[in-house]
Student: 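There's a structure below that I have some questions on.
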2 protein chains.
Amino acid sequence: MDDIDRRLVSLLADNSRISLHELSKKVFLSPPAVSSRIEKLEKSGVIKGYSLRLDLEKLGYSFVAYIELTMEPEQKEKFVDFISENPSVLECYHIAGAYSMLMKVCFDSSSKLYDFVGKLQKFGKTQTQIIFTNIIEARNPRP
Amino acid sequence: MDDIDRRLVSLLADNSRISLHELSKKVFLSPPAVSSRIEKLEKSGVIKGYSLRLDLEKLGYSFVAYIELTMEPEQKEKFVDFISENPSVLECYHIAGAYSMLMKVCFDSSSKLYDFVGKLQKFGKTQTQIIFTNIIEARNPRP
DNA sequence: GATGAAACAGCCGAGCT
DNA sequence: AGCTCGGCTGTTTCATC
């Protein structure tokens with residue numbers, strides 16, 4: 001993991017469909033060299049996959065929110081099962097402090113968000129923060 | 001934007017490097033048809049770009065946190081300038097309720113996170129939530 | 001890690017349904 | 001009009017140095 005790898009990660013994070021040829025010009029290496037570096041980054045798990053930047057609103061998800069849930073530790077297993085099955089949960093993190101989870105969720109109506117929060121209440125105490133606008137969207141750390 | 005488009009988005013979100021041939025098999029269309037649909041999704045802005053799923057810890061960022069900042073509205077412009085210039089801020093949302101921002105940040109040391117939070121205090125009151133583990137990572141809404 | 005050649009995928013146009 | 005099939009171009013991959 002050297003500076004060239006970091007630059008490759010940064011370039012791919014920006015546009016993961018860039019060709020090896022373009023990449024090779026930018027990092028002053030040959031395409032096969034770039035290819036083998038990317039392969040190593042994938043195998044080592046630095047690159048976990050190739051994804052999209054989506055416009056959730058244009059996809060019909062007008063209600064995007066972060067929800068913090070504070071619960072008793074013994075609830076965890078049932079909670080993880082619950083959210084794993086629930087595609088409205090886009091991200092979920094176990095955070096420090098009181099036993100808490102932070103989730104990013106998306107819904108196409110406020111009533112569905114309301115219903116979801118209601119179901120979460122069974123696991124613990126929630127605090128919901130609805131997103132108004134994206135100031136900075138999912139960018140990646142600098143090389 | 002029909003069910004096939006939603007399925008294409010879902011498949012691409014899972015692996016944006018999948019070939020048109022593979023996609024066409026999965027949605028039972030021809031590769032050119034898939035290609036033109038993807039082009040439309042890009043032009044309409046549903047697909048904003050092609051990115052990576054990265055392991056921040058393996059990239060050296062052991063301290064990933066969400067920080068909520070509550071501030072006076074007149075601070076906004078200076079705040080946006082500040083975070084725009086700061087690559088440690090991965091995401092930033094304007095959230096409902098008291099005039100608040102929610103940021104995802106990453107650092108390679110706790111002292112750098114501490115310094116950053118210190119700088120944020122100039123804009124308002126902060127609440128920092130450090131991520132222990134990822135329960136569900138950045139997946140995309142179901143088709 | 002570089003080079004060159006071969007395999008492959010993506011793109012465009014023609015013909016078909 | 002839209003899909004499928006063909007050839008062409010650009011991209012990736014492999015063997016060799």
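Letters go in sequence order (proteins before strands), and every chain restarts at 1. Only this structure's heavy atoms are used, side chains among them; waters, hydrogens and symmetry mates stay out.
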Student: With a non-hydrogen cut-off below 4.0 angstrom, is S35(B) in contact with a base, only sugar-phosphate, or nothing?
Tutor: sugar-phosphate
Student: Would you say the ring centers of Y50(A) and Y50(B) fall short of 6.0 Å from each other?
Tutor: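 When the ring centroids of Y50(A) and Y50(B) are compared, they turn out to be at least 6.0 Å apart.
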Student: Given side chains that start at C-beta, do those of M101(A) and I95(A) come closer than 4.5 Å, heavy atoms only?
Tutor: no
Student: Expressed as a whole number of angstroms, how long is the span from I4(A):CD1 to dA2(C):P?
Tutor: 9 Å
Student: Of Y61(A), F116(A), F63(A), which is the lone residue that meets ring pair (Phe, Tyr, Trp, His ring centres under 6.0 Å) with F107(A)?
Tutor: F116(A)
Student: Are OP1 or OP2 of dG10(D) and a side-chain N or O of S19(A) less than 4.0 angstrom apart?
Tutor: no
Student: Identify, with sequence neighbours excluded, every residue that meets ring pair (Phe, Tyr, Trp, His ring centres under 6.0 Å) alongside Y99(B).
Tutor: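 By the ring pair (Phe, Tyr, Trp, His ring centres under 6.0 Å) rule, Y99(B) matches H94(B).
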Student: Once you round it to whole Å, what is the distance between P of dC12(C) and CD of E39(B)?
Tutor: 8 Å
Student: Assuming nearest nucleotide by heavy-atom distance, tell me which of K40(A) and R17(A) is located more 5' along DNA chain C.
Tutor: K40(A)
Student: Separation of L12(B) atom CG from dG10(C) atom P, in whole Å?
Tutor: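 Rounding to the nearest Å, CG of L12(B) and P of dG10(C) are 11 Å apart.
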Student: Any salt bridge between D3(A) and R6(A), counting N to O under 4.0 Å?
Tutor: yes
Student: Heavy atom of residues 21-32 of chain B under 4.0 Å from DNA chain D: which residues?
Tutor: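 Heavy-atom contacts with DNA chain D come from S30(B), P32(B).
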Student: Parallel, tilted or perpendicular: which describes the rings of F123(B) and F79(B), with under 30° parallel and over 60° perpendicular?
Tutor: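 Ring orientation, 0 to 90° scale: perpendicular.
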Student: To the nearest Å, how far apart are L20(B) CG and dG10(C) P?
Tutor: 5 Å
